[in-house]
Amino acid sequence: MTPPPPPHRRSSQPSGPSGSSDPSERSEPSARSESSGSSESGQARQPGPVSPWQVPPAGARPVSAYEQDGPGWAAEIREALVVMVGVALCGVPLGLLWLRLAPRVPLIADVSGSNWVVYLKDTEGEQAIGVDGTFTLLALALGVLSAVAVFLWRRRGGVPLVVALCVGGLLGSLLAWRLGVWLGPEQNVIAHAKAVGKGVTFPAPLRLQAQGALLAWPLAAVLVHLGMTALFGPRDPEPDTAPFGPTLPPV
């Protein structure tokens, strides 16, 4: 009798999903690793956010921050000229108000022989100080109003507008001073005394004793305008803090 055949031996190499001997299956992990590596390298090669400090491409015209935020120097100068002229013309109502509201310094004339002598009627009066004080207060009020008006017209401010406010306020003060003196009482005191007669009280010419009052308008305008610009003016955008070059994804 012939003995039964021996049982088939199992292969020493494991089969199945975990240990297949198929070479195509063994190549799948390497293929997956290569595809994942290529995807990661593709993600790494993607350009990140462009930094504002990077060098612009060749042939591009550089644009300054002033051109992006404002209309340009030409428009700023035109606006400053308009502001300066407008503020200076406000000296006309200042001069008229000063002429109307300033107190009068009373004078009285006497004749000594053939000569006319003019005296202060009230030697202890403070009318002369009141004349300077009235001009100063009116100039301060107009300085504040002009600064607020210019700020509401152009909120972004700027150096040309501030300079225009200062120069316009000074010109307006000079115009108001000369206009009040010109429209005020007679400048020739002796001629005025002869016209009214001996012993008759008449007002003294309108004069500004404290010349520093001419600076009240420009100083008030500049300080108020700078303060309003600092408190209520538009803010500059925050700088971009993106890093230089491309941004790598987290590992």
Could you please spell out the steps behind the side chain to side chain contact (heavy atoms under 4.5 Å, CB included) verdict for Leu107 and Val189? CA-CA 9 Å; Leu107 300 178; Val189 178; 4.1 Å; yes

Kindly determine whether Met228 and Val148 satisfy side chain to side chain contact (heavy atoms under 4.5 Å, CB included), including the steps that lead there. CA-CA 8 Å; Met228 295 189 69; Val148 172; 3.7 Å; yes

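- Panel note: side chain Asp132, backbone Gln209; a donor-acceptor pair is recorded below 3.5 Å.
- More than 12 heavy-atom neighbours from other residues, nucleotides or ligands sit within 6.0 angstrom of CD on Gln187.
- Test Leu165, Leu170, Leu171 against Val167 for side-chain contact (heavy atoms from CB on, under 4.5 Å) and you get one pass: Leu171.
- Shown here for Ala164 and Ala80, the closest heavy-atom pair between the two residues is CB-O, 3.1 Å.
- A pairwise comparison of heavy atoms in Gly184 and Leu99 identifies CA-CD1, 3.5 Å as the closest pair.
- Annotation: the span from Glu79 atom CD to Arg154 atom CZ amounts to 4.0 Å, rounded to 0.5 Å.
- Side-chain N or O atoms of Arg155 include none that pairs as donor or acceptor with a backbone N or O of Trp153 at under 3.5 Å.
- Using a 4.5 Å heavy-atom threshold, the side chains of Leu179 and Val92 count as touching.
- Applying the ring pair (Phe, Tyr, Trp, His ring centres under 6.0 Å) criterion to Phe202, with sequence neighbours excluded, gives His192.
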Apply side chain to side chain contact (heavy atoms under 4.5 Å, CB included) to residues Trp98 and Thr134 and explain how you reach the verdict. CA-CA 7 Å; Trp98 182 46; Thr134 302; 4.2 Å; yes

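- Partners of Lys198 by salt bridge (charged side-chain N to carboxylate O under 4.0 Å, His left out), not counting sequence neighbours, listed by chain and number: Asp110.
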Go through it in stages, so that I can follow the logic: the residues are Leu94 and Trp177, the test is side chain to side chain contact (heavy atoms under 4.5 Å, CB included), and I'd like the CA-CA distance, side-chain angles, deciding distance and then a yes or no. CA-CA 8 Å; Leu94 174 59; Trp177 173 41; over 6 Å; no

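- Met84 and Ile77 fall within the same hydrophobic cluster, defined by Ile, Leu, Val, Met, Phe, Trp and Tyr side-chain heavy atoms under 4.5 Å apart, directly or through other members.
- Here the shortest heavy-atom pairing between Arg104 and Pro203 reads CD-CB, 3.9 Å.
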